[in-house]
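All values derive from a computational prediction rather than experimental measurement.
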Amino acid sequence: MGRYIVRRFLWMLVVLFAVSVITFVLMRMVPGGPFNTERDVPAPIIANMERRYNLDAPLWEQYVDYMRGIAIPVITPPGWRRTVIEDYLINIEIPGAEPGVGLRWMNFGPSLVRRSQTVTSIISDSLPVSVKLGTAALIVGVAIGLPLGILAALRRNTFWDYAGMSIAIIGVSVPAIILWPVMKYILGVNMGLLPEAGWGTCAHVSL
């Protein structure tokens with residue numbers, strides 16, 4: 001069992017590495033750049049901005065710099081403060097140390113779209129909502145899927161088996177981008193059972 005878990009964990013790291021490389025390369029192959037706008041920006045200004053964000057370096061160096069910021073924890077010196085360049089998702093202050101000294105991990109770098117924010121701050125703002133939605137979806141999936149699966153296994157080739165399989169196929173096949181507006185219209189607009197918009201209560205999470 002232990003060997004299986006270790007093997008699966010190592011395969012997960014390999015998959016994550018492959019996905020990161022492919023995504024990184026594909027994003028660099030897309031025409032244009034983060035500083036291209038409808039207005040004609042002088043080439044020296046674009047060059048200075050690319051130099052500031054290390055976008056003028058070779059592709060492999062950009063990837064190594066990006067992965068180093070995410071994967072390798074650092075110990076920050078006294079007086080350290082978050083900046084647009086240095087902003088870490090995990091911040092653990094070292095007890096008894098000077099202010100600013102701590103273990104920092106996962107710096108996703110500055111946002112090239114929202115110049116006043118970092119990618120880490122954008123993730124931090126969205127992560128709690130995503131965790132709530134993911135947990136709620138997992139609870140609903142287990143509460144509905146587990147009994148249906150057991151019932152279908154006990155009553156093979158009966159109505160319950162076919163009904164459970166049909167529900168599973170519909171759930172997998174229909175994209176959320178289509179299912180959500182339909183459910184919103186039925187439960188929110190038509191029946192008035194759930195709020196149509198907003199966030200903060202169990203009713204919002206339910207929809």
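Hydrophobic cluster membership is shared by L179 and I186, with clusters built from Ile, Leu, Val, Met, Phe, Trp and Tyr side chains linked at under 4.5 angstrom. At a threshold of 4.5 Å between side-chain heavy atoms, the hydrophobic network of Ile, Leu, Val, Met, Phe, Trp and Tyr places V15 and L26 in two separate groups. Connection of F24 to V21 is established within a shared hydrophobic cluster, with ILVMFWY side chains joined at heavy-atom distances below 4.5 Å, either directly or through further cluster members. V64 is not connected to I22 by any chain of hydrophobic side-chain contacts under 4.5 Å among Ile, Leu, Val, Met, Phe, Trp and Tyr, and they are in different clusters. V174 and V140 fall into different hydrophobic clusters, where Ile, Leu, Val, Met, Phe, Trp and Tyr are joined by side-chain heavy atoms under 4.5 Å apart, directly or via other members.
I150 forms part of a hydrophobic cluster together with L138, V142, L146, L154, judged by ILVMFWY side-chain heavy-atom separations under 4.5 Å.
The backbone N or O of I170 lies less than 3.5 Å from no partner atom in the side chain of S173, so there is not a single donor-acceptor pair. The backbone N or O of V101 lies less than 3.5 Å from no partner atom in the side chain of W80, so there is not a single donor-acceptor pair. A distance-only check finds no donor-acceptor pair linking the side chain of T23 to the backbone of S20 [under 3.5 Å]. Using a distance-only test at 3.5 Å, with no hydrogens or angles considered, no donor-acceptor pair links the side chain of D65 to the main chain of E61. No side-chain donor-acceptor contact under 3.5 Å links T135 to the backbone of K132. Between the side chain of Q62 and the main chain of A57, a donor-acceptor pair closer than 3.5 Å is present. Side-chain atoms of W105 come within 3.5 Å of backbone N or O of A71 as a donor-acceptor pair.
Nearest heavy atom pair, residue R155 against residue D161, reads O-CB, 3.3 Å. Contact between P110 and V119 at its shortest, heavy atoms only, is O-CG2, 3.8 Å. When all heavy atoms of T120 and M106 are compared, the closest pair comes out as OG1-O, 3.9 Å. Taking all atoms of both residues into account, the shortest heavy-atom contact from E98 to P78 is OE1-CB, 3.5 Å. Heavy-atom minimum distance, L89 versus S124: CD1-OG, 3.4 Å. Across all non-hydrogen atoms, the minimal contact from I94 to G102 is CG1-CA, 3.8 Å.
Contact annotation: the side chain of L148 approaches that of I167 to within less than 4.5 Å [non-hydrogen atoms, C-beta and beyond]. Annotation: side chain of F9 is in contact with side chain of M12 (closest heavy-atom distance under 4.5 Å).
With respect to R82 and D87, a salt bridge is recorded, a charged nitrogen being found less than 4.0 Å from a carboxylate O.
For T76 and Y88, the side-chain atoms include no donor-acceptor pair closer than 3.5 Å.
Y66 does not carry R68 over the face of its six-membered ring by the limits of under 6.0 Å from the centre and within 45° of the normal.
Here the rule is side-chain contact (heavy atoms from CB on, under 4.5 Å) with V25, and of R28, M27, M29 only M29 fits it.
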